[in-house]
2 protein chains.
Amino acid sequence: MKANNPRFRSHCPINVTQELVGDRWSLLIIRDILFARKTHYGEFLTSAERISTNILADRLEKLERHGILSKTRETENRSRYRYVLTQKGQDLLPMLLEMIIWGARHDPETAAPAEFVEQLTQHRADFMRQVLAAVE
Amino acid sequence: MKANNPRFRSHCPINVTQELVGDRWSLLIIRDILFARKTHYGEFLTSAERISTNILADRLEKLERHGILSKTRETENRSRYRYVLTQKGQDLLPMLLEMIIWGARHDPETAAPAEFVEQLTQHRADFMRQVLAAVE
DNA sequence: CTGTATCCTTAGGGATACTG
DNA sequence: CAGTATCCCTAAGGATACAG
């Protein structure tokens, strides 16, 4: 009985990562939290890719269940939640940055600011630490 | 009609990367080429995740169409092909390494050798250059 | 061995009405 | 505003027979 442990096709870490956050939406939600500083349900709905309400609720629940983000009540407002990344979620930043570099380099119409990508590419690990510090 | 120019949901580079290689199989094929040095159709079929023949053929064709790998005839054997990564495909290595780090760190049953992950984590950018050099 | 062709099933996703 | 609940549908994937 591995109730908590999802059954992976394999324990290859690449496969595991993909099974946990490789669906169509999870990484975009995490992107919104990390880069657009979004924290509330309604904000995720406004992103360019237009996630629908049921899918968003489902993904938020899954990500919380996997310990990637946590949901906390707003003190002022009873029915308002705040979504923040756990350490496990923040640990996805380096991978996201590599996805940005690759996606931007190979898409002529990329939405990523050229400077940002260039800076990112040059600095890599050092830059990652900077970004993390700024985010925290 | 969906041939050359894929219509992306958005040109966010994270989204683009995911739409190009974010399916269930592409990255595992690329992993096999990069890390297990596989080059032939039959070899991909033997991996732990057990891809089926039609899906494999489909993915190989898609990856070739997107310029991520290239297919060349073996000189000795007419009906044998050799699959190799293009530069665009090799550029995925840093992202794969980050996926390895994250997946291994957060899966207690990971198949990744602890030493490798530790070395990878510590060296990051430098290590990536080493790996690339070794692969080429 | 290197693939195609078929058939079939299902999970994932989208639209939208509804609730507190 | 912050979600649930339904309904529906398609693309993605799996099994397997077959072909060069």
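Numbered from 1 within each chain, the chains take letters A, B, ... in sequence-line order. Here the structure is a predicted model, which means the values were calculated and not measured.
- Note that the first and last nucleotides of DNA chain C, 5' to 3', having any atom under 4.0 angstrom from a heavy atom of chain B are C/dC1 to C/dT6.
- Rounded to an integer number of Å, the gap from CG of B/L45 to P of D/dA15 is 13 Å.
- The aromatic rings of A/F8 and A/H11 sit perpendicular to each other, their planes meeting at more than 60°, with 30° as the lower class boundary.
- Rounded to a whole Å, the CD1 atom of B/I51 is 12 Å from the P atom of D/dA15.
- Annotation: salt bridge (charged side-chain N to carboxylate O under 4.0 Å, His left out) contacts of A/E118 (sequence neighbours excluded): none.
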Can A/R73 and A/Y81 be said to form a side-chain contact (heavy atoms from CB on, under 4.5 Å), step by step? CA-CA 5 Å; A/R73 274 220 142 75; A/Y81 290 98; 2.9 Å; yes
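- A residue-by-residue look at B/R50 and A/D58 shows that A/D58 has its nearest nucleotide of DNA chain D further toward the 5' end.
- A/E43 is linked by a salt bridge (charged side-chain N to carboxylate O under 4.0 Å, His left out) to nothing, counting only residues two or more places apart in sequence or in another chain.
- In this structure, A/R73 places its CZ atom 18 Å from P of D/dC1, rounding to the nearest Å.
- A close approach under 4.0 Å does not occur between any side-chain nitrogen or oxygen of A/R80 and OP1 or OP2 of D/dG3.
- End-to-end axis angle for the helix from C/dC1-D/dG20 to C/dG20-D/dC1, using five pairs per end and rounding to 10°, comes out at 40°.
- When each of B/H40 and A/I55 is assigned the nucleotide of DNA chain C with its nearest heavy atom, B/H40 is the one assigned upstream, toward the 5' end.
- Residue-to-nucleotide proximity on DNA chain D shows that, of A/L60 and A/R24, the 5′-proximal contact is made by A/L60.
- Annotation: salt bridge (charged side-chain N to carboxylate O under 4.0 Å, His left out) contacts of A/D32 (sequence neighbours excluded): none.
- Of all heavy-atom pairs spanning A/S70 and A/E64, the tightest one is CA-CG, 4.4 Å.
- The shortest distance between the side-chain N/O atoms of A/Y41 and the OP1/OP2 oxygens of D/dT4 is not below 4.0 Å.
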Report each atom pair, protein N/O against N/O of nucleotides 16-20 of chain D, whose distance is under 3.5 angstrom.
{"unit_1": "D/dT16", "atom_1": "O4", "unit_2": "B/T53", "atom_2": "OG1", "d": "3.2"}

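- In terms of modelled atom types and a separation under 3.5 Å, the side chain of B/S47 and the main chain of B/E49 share no donor-acceptor contact.
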